[in-house]
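This report refers to the structure that appears directly beneath it.
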Amino acid sequence: MRLLVIGGGGREHALAWKLAQSPKCEKLYALPGNPGMEDIAECMGGISMEDSAAVVKLAQEKAIDLVVVGPEVPLTNGIVDALGEAGIRAFGPSRLAAEIEGSKVFSKGLMKKYGIPTAKYEVFTEAEAAREYVRKEGAPIVIKADGLAAGKGVIVAMTMDEALHAIDDIMEDKAFGQAGSRVVIEEFMEGEEASLLAFTDGETIVPMISSQDHKRAYDGDKGPNTGGMGTYAPAPVMTEEMVQAATEKILRPVIAAMKAEGRPYQGCLYAGLMIAKDGPKVVEFNARFGDPETQVVLPLLESDLVEIMEACVEGRLASMDIRWSRGAAVCVVMASGGYPGTYAKGKVISGLEKAKEAGNLVFHAGTVQKDGNIVTNGGRVLGVVAKAASIREAVDRAYAGVGKISFEDAFYRKDIAHRALSR
Ligand code: AMP
Ligand code: GLY
């Protein structure tokens, strides 16, 4: 088969790495891809992945059999619909189904209607009404911009002051543009977070191995929110019983709900969960694989990813036997100094080969080739991954890999997987 991966971050590198291992994969393309994928995929530039018509044309020219869409923006733009209209198969939800991530008002409404456990909430379009609600409910409380805001549209306000400021920023000063014309204000949930990604064909849903992300920039879960500074899988908080509860109370009902709403969901569904005293609750749904969750989940997948994705697209996931390794995987993100604020680009990266020789997987997130060197080109630069028999061992090996790689002003968290290790 001829495959095309859409996207160019660490998640897409991990997807490409796993797809390329399939005996079914004859040729792999990536748009735009990244320098880390060069040895497994032909990376293509020149067109934007957000231009669905151009992507359709490219897929036709290259005679692609299956397109795998990484990021949320092409999905919410309707890239899968456009490909489908041209008779090209794609793994990922349609535009209407991707609204489960694209609109928090939609996803909260869906959960309320179908009794899927999540935080209590109200929707506001007027700042004054939002302020009044916050004054009535008190802090801690959570303020969320309705639309896509690159993971930054959520403010967990520990004090009333912070909550009122957040309302001003989002609704009056339009800090997230149109994404903030409606806000969801919701109850603060206590517990430990976990990510549960799942394969689905719209009828059957099969959870992947669980994982946990570290969203705050600094050690001890301090500092600003980021796209994710590191992950590990499996997450010990997701015991077998908890995965079963999440499957029965959340995953299966939401897939049935999407079908009932005329928005059948095919692809990877990401459930961000809060494991509360009374069981798992939904923090958010994403319409795609997690980043950097994918970088630890896929290395533990033993089955053929191309076969699984074909089964999802063709509606025969129920017949698949999906196998996982017994061990654990850890990913440490190496970021540019200053991230998630402003940072410099163009720093030469050294030691990539040494880390690979030592057995690490190194997924590129923000790099570019320049004058024969690989240089930094983003906030999150690399995901250094190790797979081992235990989380402890995987942590040690991932950090050994990080120790072999350097670039100016690199920074990374030193405590990835601390929750699993302290159990
Ligand atoms: P989201 O973009 O919805 O995943 O939110 C970003 C982060 O904010 C989550 O990973 C949680 O850490 C936190 N968060 C969001 N909603 C809540 C909530 N209702 N209660 C507590 N924390 C939350
Ligand atoms: N790692 C968080 C996300 O992919 O949304």
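In each ligand, atom 1 is the first atom listed, and ligand 1 is the first ligand listed.
At least one heavy atom of Gly227 sits closer than 4.0 Å to an atom of ligand 2. For Arg11, the heavy-atom gap to ligand 2 stays at 4.0 angstrom or more.
Checked options Lys414, His214, Met229; the residue passing with Asp219 is Lys414 (criterion: side-chain contact (heavy atoms from CB on, under 4.5 Å)). The side-chain hydrogen bond (donor to acceptor under 3.5 Å, both in side chains) with Glu293 is formed by just one residue from the set Ser195, Ser210, Ser211; it is Ser195. The only member of Val296, Ile416, Leu273, Val237 that meets side-chain contact (heavy atoms from CB on, under 4.5 Å) when paired with Gln212 is Val237.
Taking any N or O of Asn225, backbone or side chain, none lies under 3.5 Å from an N or O belonging to ligand 1. Checked against a 3.5 angstrom limit, the closest N/O atoms of Asn286 and ligand 2 fall inside it. Backbone and side-chain nitrogen or oxygen atoms of Met189 are examined, and one is located within less than 3.5 angstrom of a nitrogen or oxygen of ligand 1.
Less than 4.0 angstrom separates some heavy atom of Lys144 from each of these atoms of ligand 1: 3 (O), 15 (C), 16 (N). In the vicinity of Lys215, heavy-atom distances shorter than 4.0 Å reach the ligand 1 atoms 4 (O), 10 (O). Taking every heavy atom of Glu293 and a limit of under 4.0 angstrom, the matching atoms of ligand 2 come to 1 (N), 2 (C), 4 (O). Those atoms of ligand 2 with a heavy atom of Asp213 less than 4.0 angstrom away are 1 (N), 2 (C). The contact set between ligand 1 and Glu186, taken as ligand atoms under 4.0 Å from a residue heavy atom, comprises 16 (N), 17 (C), 18 (C), 19 (N). Less than 4.0 angstrom separates some heavy atom of Met274 from each of these atoms of ligand 1: 21 (C), 22 (N). With ligand atoms numbered from 1 in the order given, ligand 2 contributes 4 (O) to contacts under 4.0 Å with heavy atoms of Gly290.
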### Query
For Arg131 and Glu128, what are the C-alpha separation, side-chain angles and deciding distance, and is it a salt bridge (Lys or Arg N to Asp or Glu O under 4.0 Å)?
CA-CA 5 Å; Arg131 285 190 207 101; Glu128 193 40 43; 2.6 Å; yes
### Query
For Glu72 and Asn286, what are the C-alpha separation, side-chain angles and deciding distance, and is it a side chain to side chain contact (heavy atoms under 4.5 Å, CB included)?
CA-CA 8 Å; Glu72 63 274 19; Asn286 291 322; over 6 Å; no
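Within the 4.0 Å heavy-atom criterion, the part of Glu187 lying near ligand 1 is the backbone and not the side chain. When heavy-atom distances to ligand 1 are checked against a 4.0 Å cut-off, Glu284 comes that close only through its side chain, counted from C-beta outward.
Counting heavy atoms from C-beta on, the side chains of Ile143 and Asp169 never come closer than 4.5 Å. Using a 4.5 Å heavy-atom cutoff, the side chains of Val297 and Thr294 are not in contact. When side chains are defined from C-beta on, Pro117 counts as touching Ile250, because their heavy atoms get closer than 4.5 Å.
Taking every heavy atom of both residues into account, Arg413 and Arg216 meet most closely at NH1-O, 2.9 Å.
Taking each of Val154, Asn286, Asp213 in turn, the one with a heavy atom nearest to atom 5 (O) of ligand 1 proves to be Val154. For atom 17 (C) of ligand 1, the choice among Val142, Ile141, Ile185 with the nearest heavy atom turns out to be Val142.
Because its NZ or CZ atom is not both nearer than 6.0 Å to the ring centre of Phe106 and within 45° of the ring axis, Lys108 does not count as a cation-pi partner of that residue.
A donor-acceptor pair shorter than 3.5 Å can be found between the side chains of His418 and Asp221.
Distance from atom 5 (O) of ligand 2 to its nearest protein heavy atom, with residue and atom name: Arg288 NH2, 2.9 Å.
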